[in-house]
Novice: 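Below: one structure in structure tokens.
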Amino acid sequence: MDCIYKDPNAAIEERVKDLLSKMTVEEKIGQITQIERAVANPSAIRDRCIGSVLSGGGSRPFENAESADWANMIDGFQKGAVESRLGIPIFYGTDAIHGNNNVWGATIFPHNIGLGATRDADLVRRIGVVTALETRACGSQYAFAPCVAVAKDPRWGRFYESYSEDTEVVRKMTSLVSGLQGQPPEGHPYGYPYVAGRNSVMASAKHFVGDGATENGTNEGNTIASHDDMFNIHLAPYIDCIAQGVCTVMASYSSWNGDKMHSHRYLLTEVLKEKLGFKGLLITDWEALERLTDPHDADYRQSVKSTINAGIDMVMVPFRYELFLEQLQSLVESGEIPLTRIDDAVERILRVKFVTGLFEHPFTDRSLIDLVGCKAHRELAREAVRKSLVLLKNGKDPKKPFLPLDKTAKKILVAGTHADDLGYQCGGWTATWTGLSGRITVGTTIMDAIREMLGDKTEIVFEPNPTAETFASQDFSFAIVAIGEGPYCETGGDDPELKIPFNGTEIATFVADRVPTVTILISGRPMVIEPPLLEKVDAFVAAWLPGTEGAGITDVLFGDYPFQGKLPVTWFKTVDQIPMHVHGNSNPLFPFGFGLTS
């Protein structure tokens, strides 16, 4: 056969070698380029041999687009790719970080911080399997997950994307990789990418490396750490991901002791590729080239040169791809970037494409669409919510637990800004980049779940902000008050104060002064819990950012299941104690691993 690369029975490395030998420099440069869907079109993908297209956070075909709408768009882009001279398919990347969270009707799982509280690696693997199915159903073959940051400072706006402050917990949760990609068979070569088939997706271990330990929790900031700490604390989870055949690693915006990670040749090439034997592809983060300089975009050409020469294989451009192609071409022609470095990058990209089966099956398997948001997937998310809840207080007298709540109560109060808000439950990276308030997708709020649990035998009074009038009759059996953070992401979530917003503390204490109360905190991190709040409420539950399946909360509140969650982070008393973690200073409000079972 003239075209070995088209032969599905040929060895992958032979296919890679054959295709690479047939490519022009322009085609190779095109493969290194990942562009945003908003600027993509089939003819540009075909003519420039573009390697990949992505959706940035919340970038979707249109508002409330469902999986079939996404598949139509992505298959349209793919049509352009397979019509190119060599027929090299694209892979489409999306931020499927707690389910396929950009897509209307998808199952939304708890954010990673909640999953860290479960300590359940098999649960996380099963979540990966479901996320892969729902992601494939929309046409995407590439999930930008998992985030394996070891988060040391809750002031960081991406804290909830981390499983834990503890390296060993994060390492355990890298099981998501085998869920997303499939479990590599016995004897699979170490470091070689793996994707099981059409129901699995490429994963991306991120953000390499040390993003969770920046000074003062500043997003994209500087991590000051010794060589030993960087390797033993922050690098360790990547070794587990590589052992599972992770297809891609995404570099971090952050710096290590003042040196930007995206141009850190020692870590990207000498450590990740050479020492650790990673054979997949190394991708930048969004617009990372512009962010390499201060001010941003001060020397684009130099940014292209330093990142590619440092070992980056694919650049998430995402908009100015004509400029990127032009600059990269010029740097190759001048010899400032050697062609051997370009060939290494393209070899890695092609390897992952062959491993993923894109040449044989470039288009969406539409039979998967019916699985999106199905009952079995939502039951798994509900299980995850149940297991993630951490009970911090149960009863003013330890001998008299307040929970579980009585299902036969005659009249109850449900209060707080977060009791009936699906968007708040899901947090950032849901429907849009930053997240939204309200009925942003299909799901069950805490209030919906309470109604479902109690039926019409209990009178349920719902007041987001109760007043003295609410208590005029004084005959509530108990109150459920849900308070917490609004949705946020990245730098927009950096918060030096960590106070519960929306008057949450005031609402909860006001209610607790008048009726026995359980408070549920919806947040992506520990918050300041004022002493009067903890003292006055009868029970306090950290529910993290649970996602669409609010019934997981009522399952446990009303006693159908026990509390199992353990704190994945140390809960500080005051922000001046931060950074505070299990191996650090003492006197926390609640220690790492704390969690009552009754």
Novice: Quick one: do the Thr554 and Glu452 side chains pair a donor with an acceptor below 3.5 Å?
Specialist: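 Side chains of Thr554 and Glu452: no pair found under 3.5 Å.
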
Novice: Looking only at atom types and distance, does a side-chain atom of Glu165 sit under 3.5 Å from a main-chain N or O of Pro154, one as donor and one as acceptor?
Specialist: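 Checking the backbone N and O of Pro154 against the side chain of Glu165, no donor-acceptor pair under 3.5 Å is found.
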
Novice: Looking at Phe159, I'd like to know if the NZ or CZ of Arg525 sits under 6.0 Å from its six-membered ring centre while staying within 45 degrees of the ring's axis.
Specialist: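 Checked: cation-pi criterion not met.
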
Novice: Counting only pairs under 3.5 Å, give me each side-chain donor-acceptor contact of residues 432-440, with atom names and distances, residues two or more places apart or in other chains.
Specialist:
from, atom 1, to, atom 2, distance (Å)
Thr432, OG1, Gly435, N, 3.0
Trp433, NE1, Glu490, OE2, 3.3
Ser437, OG, Asp421, OD2, 2.5
Arg439, NH1, Asp448, OD2, 2.9
Arg439, NH2, Asp420, OD1, 3.4
Arg439, NH2, Asp448, OD1, 3.1
Arg439, NH2, Asp448, OD2, 2.9

Novice: Evaluate the side-chain proximity of Thr174 to Pro146: yes if any heavy-atom separation is below 4.5 Å, no if none is.
Specialist: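 Not touching, per the 4.5 Å side-chain cut-off.
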
Novice: Between the main-chain N or O of Phe363 and the side-chain N or O of Gln78, is there a donor-acceptor pair closer than 3.5 Å?
Specialist: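 No, Gln78 side chain to Phe363 backbone: no donor-acceptor pair under 3.5 Å.
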
Novice: With side chains defined as the heavy atoms from C-beta onward, is the minimum distance between Val195 and Leu180 less than 4.5 Å?
Specialist: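 Contact flag for Val195/Leu180 side chains = no.
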
Novice: With a 4.5 Å limit on heavy-atom distance, are the side chains of Tyr238 and Val249 in contact?
Specialist: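 Yes - at least one pair of side-chain heavy atoms lies under 4.5 Å apart.
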
Novice: Look at the side chain of Tyr194 and the backbone N and O of His188, then say whether any donor-acceptor pair between them is shorter than 3.5 Å.
Specialist: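 Absent.
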
Novice: If you count every heavy atom of other residues, nucleotides or ligands that lies below 6.0 Å from Phe319 atom CZ, does the total exceed 12?
Specialist: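 Atom CZ in Phe319 is crowded, with more than 12 foreign heavy atoms closer than 6.0 Å.
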
Novice: Tell me if a side-chain donor or acceptor on Glu134 pairs with a main-chain N or O of Asn100 at a distance below 3.5 Å.
Specialist: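 Side chain of Glu134 to backbone of Asn100: no pair is present.
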
Novice: To the nearest 0.5 Å, what is the distance between CD1 on Ile412 and CG on Leu405?
Specialist: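 Nearest 0.5 Å value for the CD1-CG distance: 7.5 Å.
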
Novice: Please determine whether a side-chain nitrogen of the Lys or Arg among Asp75 and Arg366 lies less than 4.0 Å from a carboxylate oxygen of the Asp or Glu.
Specialist: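 Between Arg366 and Asp75 there is a salt bridge, with a charged N closer than 4.0 Å to a carboxylate O.
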
Novice: What are the two closest non-hydrogen atoms of Trp286 and Gly56, and how far apart are they?
Specialist: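 Looking at all heavy atoms of both residues, the closest pair is CZ3-CA, 3.5 Å.
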
Novice: Within the structure provided, determine whether Asp495 and Tyr488 are in side-chain contact (heavy-atom separation under 4.5 Å).
Specialist: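 Side chain of Asp495 against side chain of Tyr488, heavy atoms only: no contact under 4.5 Å found.
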
Novice: Is any side-chain heavy atom of His207 closer than 4.5 Å to one of Met261?
Specialist: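 Not touching, per the 4.5 Å side-chain cut-off.
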
Novice: Any side-chain heavy atom of Gln34 within less than 4.5 Å of one from Thr284?
Specialist: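 In short, these two side chains do not touch, never coming nearer than 4.5 Å.
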
Novice: Can you list every pair that meets salt bridge (Lys or Arg N to Asp or Glu O under 4.0 Å) and has a residue in residues 545-559, with sequence neighbours left out?
Specialist: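 Sorted result for residues 545-559: Arg378-Glu549, Arg382-Asp555, Arg386-Asp555.
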
Novice: Counting C-beta onward and ignoring hydrogens, is there a side-chain heavy-atom pair between Tyr321 and Glu36 closer than 4.5 Å?
Specialist: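 A side-chain contact is absent here, since even the closest heavy-atom pair is not under 4.5 Å.
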
Novice: Quick check: does any side chain N or O of Thr131 sit under 3.5 Å from a backbone N or O of Gly128, one acting as donor and the other as acceptor?
Specialist: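 Not at all, since once roles are kept as given, no pair shorter than 3.5 Å links the two residues.
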
Novice: How many angstroms lie between NZ in Lys206 and CG in Asp95, if you round to the nearest 0.5 Å?
Specialist: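 Those atoms lie 5.0 Å apart.
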
Novice: Measure across Val169 and Gly116 and return the closest heavy-atom pair with its distance rounded to 0.1 Å.
Specialist: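 So the two residues come closest at CG1-O, 4.0 Å.
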
Novice: Please confirm whether the backbone N or O of Ala203 pairs with a side-chain atom of Thr248, one donor and one acceptor, at under 3.5 Å?
Specialist: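 Looks like yes, one N/O pair under 3.5 Å.
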
Novice: Taking all atoms of both residues into account, what is the closest heavy-atom pair of Ile349 and Asp313, and its distance?
Specialist: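 Scanning both residues, the minimum pair turns out to be CD1-O, 3.4 Å.
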
Novice: Say you draw a straight line from CD of Gln141 to OH of Tyr92; how long is it, rounded to the nearest 0.5 Å?
Specialist: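 Atom-to-atom, Gln141:CD and Tyr92:OH are 10.0 Å apart.
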
Novice: Rounded to the nearest 0.5 Å, how far apart are CG of Asn199 and CG of Leu371?
Specialist: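 If we round to the nearest 0.5 Å, Asn199:CG and Leu371:CG are 8.5 Å apart.
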
Novice: Evaluate the criterion side-chain contact (heavy atoms from CB on, under 4.5 Å) for residue pair Met316 and Leu54; output intermediate values, then yes/no.
Specialist: CA-CA 8 Å; Met316 197 184 290; Leu54 84 151; 3.6 Å; yes

Novice: Do the charged groups of Asp122 and Arg126 touch, with an N to O distance under 4.0 Å?
Specialist: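 So Asp122 pairs with Arg126 through a salt bridge.
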
Novice: Give a yes or no on whether the backbone of Ile446 and the side-chain of Gln425 come within a donor-acceptor separation of less than 3.5 Å.
Specialist: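 Yes, because the side chain of Gln425 sits within donor-acceptor range (under 3.5 Å) of the backbone of Ile446.
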
Novice: Would you check, one step at a time, whether the test side-chain contact (heavy atoms from CB on, under 4.5 Å) holds for Ile522 with Thr417?
Specialist: CA-CA 10 Å; Ile522 304 289; Thr417 47; over 6 Å; no

Novice: Using atom types as modelled and distance alone, determine if a side-chain donor or acceptor of His98 lies under 3.5 Å from a backbone N or O of Phe109.
Specialist: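 Present.
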
Novice: Angle class for the Phe502/His418 ring planes (parallel below 30°, perpendicular above 60°, tilted otherwise)?
Specialist: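 If you compare the ring of Phe502 with that of His418, the planes turn out tilted.
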
Novice: Ignoring hydrogens and angles, tell me if any N or O in the side chain of Gln181 forms a donor-acceptor pair with the backbone of Ser200 under 3.5 Å.
Specialist: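 Here the side-chain-to-backbone pair does not exist.
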
Novice: Is there a side-chain contact (heavy atoms from CB on, under 4.5 Å) between Arg158 and Asp211 once you walk through the steps?
Specialist: CA-CA 9 Å; Arg158 304 190 82 154; Asp211 52 332; 6.0 Å; no

Novice: Is the backbone N or O of Trp429 less than 3.5 Å from a side-chain atom of Asn101, with the two atoms forming a donor-acceptor pair by type?
Specialist: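 Between the backbone of Trp429 and the side chain of Asn101 there is a qualifying donor-acceptor contact (under 3.5 Å).
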
Novice: Are Lys353 and Phe359 in a cation-pi setup, meaning NZ or CZ lies under 6.0 angstrom from the ring centre and within 45 degrees of the ring axis?
Specialist: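 No - Lys353 does not lie over the ring of Phe359 by the 6.0 Å and 45° rule.
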
Novice: Would you find more than 12 non-hydrogen atoms of other residues, nucleotides or ligands less than 6.0 Å from Lys566 atom NZ?
Specialist: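 Check passes, neighbour count above 12.
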
Novice: Any chance you could lay out the ring-ring contact (aromatic ring centres under 6.0 Å, His included) test for Phe144 and Tyr142, step after step, and finish with the verdict?
Specialist: CA-CA 7 Å; Phe144 298 132; Tyr142 182 18; 4.8 Å; yes

Novice: Does the side chain of Val541 reach to within under 4.5 Å of the side chain of Val556, using non-hydrogen atoms?
Specialist: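 SC-SC contact between Val541 and Val556 ruled out.
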
Novice: Which distance, rounded to the nearest 0.5 Å, do you find between the CG of Asn112 and the CD1 of Ile97?
Specialist: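 Asn112 CG to Ile97 CD1: 7.0 Å, rounded to 0.5 Å.
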
Novice: Rounded to the nearest 0.5 Å, how far apart are SG of Cys138 and CG of Leu133?
Specialist: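 The CG atom of Leu133 is 12.0 Å from SG of Cys138, to the nearest 0.5 Å.
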
Novice: Under the side-chain contact (heavy atoms from CB on, under 4.5 Å) rule, what do Asn465 and Ile507 come out as? Steps first, then yes or no, please.
Specialist: CA-CA 7 Å; Asn465 288 285; Ile507 292 169; 3.0 Å; yes

Novice: Quick check: closest heavy atoms across Phe558 and Pro404, and the distance to 0.1 Å?
Specialist: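 Distance-wise, the nearest heavy atoms are C-CB, 3.6 Å.
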
Novice: Under 3.5 Å, is there a donor-acceptor pair between the Ser164 and Asp166 side chains?
Specialist: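 The answer is no; no qualifying pair exists.
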
Novice: Trp544 and Pro546: which non-hydrogen atoms are nearest, and at how many Å?
Specialist: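 Of all heavy-atom pairs spanning Trp544 and Pro546, the closest is O-CD, 3.4 Å.
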
Novice: Do you know the tightest heavy-atom contact between Thr364 and Ala137?
Specialist: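 Heavy atoms only, the tightest pair is CG2-O, 3.6 Å.
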
